[in-house]
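Have a look at the structure below, then the notes.
Every chain is numbered from 1 and lettered A, B, ... according to where its sequence line falls, protein lines coming before strand lines.
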Amino acid sequence: MDDLFKKILSHSKEYGFVFQSSDIYDGLGAVYDYGQNGVELRKNLREYWWKAMVQLNEEIVGLDSAIFMHPTTWKASGHTDAFNDPLIDNKDSKKRYRADVLIEDQIEKYRLKAEKEVEKAAKRFGDSFDADLYRSTNPRVLENLQKAEDLRKRFALSAENDDLKEMQQIIIDEAIVCPVSGSKNWTEVRQFNLMFSTDLGSVADGAMKLYLRPETAQGIFVNFLNVQKTGRMRLPFGIAQTGKAFRNEIVARQFIFRMREFEQMEMQYFVKPGTELEWYEHWKAKRLQWHLSLGLNSSFYRYHDHDKLAHYANAAADIEFDFPFGFKELEGIHSRTDFDLKRHEEFSGKKMQYFDPELNESYVPFVVETSVGLDRLFLSVLSRSYDEETLEDGSQRTVLHLPAPLAPIKAAILPLVKKDGMPELARKIQKELSLHFNLQYDEKDAIGRRYRRQDAIGTPFCITIDPQSLEDGTITMRERDSMKQDRVDLNSLKERLLNECSMESMLLKL
RNA sequence: GCGGGCGUAGCUCAGUCGGUAGAGCAUCAGCCUUCCAAGCUGAGGGUCGCGGGUUCGAGUCUCGUCGCCCGCUCCA
């Protein structure tokens, strides 16, 4: 598995799919560039998503909101708080913890201690036991509850002041130990802000601190009213958007799986309160179907339902993909309730409501979100298309079994030999077809080698111009996966390629 | 951030005891070639990640730094 992943890494560099960012300066961590073939594949994936979501659903419209947003957006969404974790390491176990979680666990411990006292007493006294009275009078219970309360207050104050030293002091004072090593050998508490910031305005003092959006969803929420009103949208309806998002990951790993700058393809579906779980199930199924329509083996996909839900969700699932390093999240489907719109109402003072003409009343819609990482999608398709085949004659070929509509190059134009008028005819065919398809012309080396070159970048068809072509206007069409050849008339070539390479056949599976 | 591994040509890698860098594939030009790579001739491409130190001399030893991979951690 490791081996395969490594091979995919070098293949994607060697054939112009993915390069490390700023390569000549030793690279920039967890940032990658897409090369001449990668950009095409990625663009096709984005386009296929867009067609499936926006073009095929009349109640879903597109949007392209800016990366910069008013800073209050992130207060409302909860990112300013939630993306700001105080972390501490245990030097012995090498484990990292969130300092706030450690302290909260400690508070919980005191409460549990108090509860245990109550339970013990309940056993002792039987039916006549008055739990509330015991709780308010027993000294040991009171002591533990007091400790919990004191600690809670002290911690709340430190959190409010962003006082990391105080948090560390709390951990020391409370003698909190690492659950793994059991030691109290802690580092300092450090703040990790997962959002990138920059300044709006060129003068430092007048500047406004901005964040690069950590998710695209908020751009949709703040435009909810704009789109609903100008688009005369009626519930249920959706807004779809693709675009870059940025997260300052503590540890970004696994190639383009977790990058600091990445592209999301999100759709927020606004529904009537109470119907959200139906729609959640609907989109959960729809989105898996979309992935399956790409034509990769269905065993690479599975659902992962969340037990632990985020603060805004009342249902959540991932569609996971079997990457070369195991099953990992590819897409998330979340029932986000009315959390986001309500919060924006609160922070902006604007009503984020929909007037329902049937009920003759206004309410804040509920939201079902589908959110897929384009780069992860790219990696899923690339890694599971990659194949090293051993042919009948024992020779090897490396081939990308990309779905034809996604392939960077749809067809290669190859004169069988570089003479006798074949290159000229090939150039003529290339010129005509290039109005419709992304093509590549190649006359260098033996024909077999040229086929292999195209296999390596996933070109589904090779069009070979031979002497017969000059006589009767037919060419050889060689198919990538079967390696079979077929005589095709030049007059029907365009139509044939359109049939095979357009996204229509994939869209029909939806 | 901690621990481990690694960094030499586009890719995969070799490089002995410290003596100014090699292979295969790939690329380019030409030849040959009438359908599945690895036939011939020639060419280009590396201040050995970067910076300091030791040394007469560093790809090799040493320190630092950057980056990559794995584990821990984190992950709306």
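- Of the N and O atoms on the side chains of A:E266 and A:Q241, not one donor lies less than 3.5 Å from an acceptor on the other residue.
- Across B:C56 and B:U73, the matching C1' atoms stand 50 Å from one another, rounded to whole Å.
- Taking atom C1' on both B:C11 and B:C68, the two are 16 Å apart, rounded to the nearest angstrom.
- Atom CD1 of A:I8 is separated from atom C1' of B:C69 by 15 Å (rounded to the nearest Å).
- Judged as a salt bridge (charged side-chain N to carboxylate O under 4.0 Å, His left out), and not counting sequence neighbours, A:K494 has no contacts.
- The salt bridge (charged side-chain N to carboxylate O under 4.0 Å, His left out) check on A:R453 picks up A:D442, A:D445, with sequence neighbours excluded.
- Electrostatic pairing of A:K7 and A:E388 counts as a salt bridge here, judged by a charged N lying under 4.0 Å from a carboxylate O.
- Nucleotides B:G49 and B:G7 have their P atoms positioned 8 Å apart, rounded to a whole Å.
- The base-pairing partner of B:G1, taking Watson-Crick or G-U wobble contacts with both distances under 3.5 Å, is B:C72.
- A salt bridge links A:R496 with A:D486: the closest approach of a Lys/Arg side-chain nitrogen to an acidic carboxylate oxygen falls below 4.0 angstrom.
- Within the structure, salt bridge (charged side-chain N to carboxylate O under 4.0 Å, His left out) contacts touching residues 418-429 of chain A (residues at least two apart or in different chains) do not occur.
- B:U65 is paired with B:G49 under the criterion used here, namely a Watson-Crick or G-U wobble arrangement in which both key atom distances are under 3.5 Å.
- Using the Watson-Crick or G-U wobble rule with both distances under 3.5 Å, B:U16 pairs with nothing in any strand shown.
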Nucleotide N/O to protein N/O under 3.5 Å, stretch nucleotides 37-39 of chain B:
| from | atom 1 | to | atom 2 | distance (Å) |
| --- | --- | --- | --- | --- |
| B:A37 | OP2 | A:R452 | NH2 | 3.4 |
| B:A37 | O2' | A:R449 | NE | 2.8 |
| B:A37 | O2' | A:R449 | NH2 | 3.4 |
| B:A37 | N7 | A:R452 | NH1 | 3.1 |
| B:A37 | N6 | A:Q396 | O | 3.1 |

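- Between the CG atom of A:L414 and the C1' atom of B:C36 there is a distance of 11 Å, given to the nearest Å.
- Spacing of C1' atoms, B:C74 relative to B:U62, comes out at 35 Å, to the nearest Å.
- Pair assignment for B:U60 gives none, since no Watson-Crick or G-U wobble pairing has each distance under 3.5 Å.
- Both A:D466 and A:V31 lie close to RNA chain B; mapped to their nearest nucleotides by heavy-atom distance, the more 5′-ward contact belongs to A:D466.
- Atom P of nucleotide B:C69 and atom CZ of A:R258 are separated by 12 Å, given to the nearest angstrom.
- Under the Watson-Crick and G-U wobble criteria, each requiring two contacts below 3.5 Å, nucleotide B:C28 is paired to B:G42.
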Only pairs under 3.5 Å count here: list side-chain donor-acceptor contacts from residues 11-19 of chain A, not counting sequence neighbours, and write none if there are none.
| from | atom 1 | to | atom 2 | distance (Å) |
| --- | --- | --- | --- | --- |
| A:H11 | NE2 | A:A456 | O | 2.7 |
| A:S12 | OG | A:I8 | O | 3.0 |
| A:S12 | OG | A:L9 | O | 2.9 |

Is there any protein nitrogen or oxygen under 3.5 Å from a nitrogen or oxygen in nucleotides 8-14 of chain B, and what are the pairs?
| from | atom 1 | to | atom 2 | distance (Å) |
| --- | --- | --- | --- | --- |
| B:C11 | OP1 | A:K13 | NZ | 2.5 |

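- Side chains of A:Q20 and A:D33: no donor on one and acceptor on the other come within 3.5 Å.
- Separating the C1' atom of B:A14 from that of B:G52 is a span of 28 Å, rounded to the nearest Å.
- Residue contacts shown for A:Y32 are limited to sugar-phosphate atoms, with no base heavy atom under 4.0 Å away.
- For residues 456-475 of chain A, the salt bridge (charged side-chain N to carboxylate O under 4.0 Å, His left out) pairs, not counting sequence neighbours, are A:D466-A:R487.
- Nucleotide B:U33 holds its P atom 16 Å from the CD atom of A:E443, rounded to whole Å.
- A distance of about 37 Å separates the C1' atoms of B:U20 and B:C31, rounded to the whole Å.
- Among residues two or more places apart in sequence or in another chain, the side chain to side chain contact (heavy atoms under 4.5 Å, CB included) test is passed with A:N226 by A:N223.
- Going from the C1' atom of B:G19 to that of B:G59 covers 12 Å, rounded to whole Å.
- A cation-pi arrangement is present between A:R478 and A:Y451, with the terminal nitrogen or guanidinium carbon under 6.0 Å from the aromatic centre and inside a 45° cone about the axis.
- A:H11 comes within 4.0 angstrom of nothing in the nucleic acid, heavy atoms only.
- Within the nucleic acid shown, A:Q468 has no heavy atom closer than 4.0 Å to any nucleic acid atom.
- For A:H282, the ring pair (Phe, Tyr, Trp, His ring centres under 6.0 Å) criterion is met by A:W279, not counting sequence neighbours.
- Salt-bridge annotation for A:E215 and A:R336: present, with a side-chain N of the basic residue lying under 4.0 Å from a carboxylate O of the acidic one.
- Taking atom P on both B:G3 and B:C50, the two are 25 Å apart, rounded to the nearest angstrom.
- Note: CZ (A:R487) to P (B:C35) measures 12 Å, nearest angstrom.
- Side-chain atoms of A:H291 and A:E331 include a donor-acceptor pair closer than 3.5 Å.
- Pairs passing the salt bridge (charged side-chain N to carboxylate O under 4.0 Å, His left out) check and including a residue from residues 64-78 of chain A, sequence neighbours excluded, do not occur.
- Residues of residues 372-387 of chain A that place a heavy atom closer than 4.0 Å to RNA chain B do not occur.
- Contact between the side-chain N/O atoms of A:R247 and the OP1/OP2 oxygens of B:C74 is not found at any separation under 4.0 Å.
- Ring centroids of A:F378 and A:Y34 are separated by less than 6.0 Å, placing the two rings close together.
- Residues of residues 475-485 of chain A having a heavy atom closer than 4.0 Å to RNA chain B, listed by number: A:T476, A:R478, A:M483, A:Q485.
- Positionally, the nearest nucleotide of RNA chain B for A:Y15 lies more toward the 5' end than for the other of A:Y15 and A:I465.
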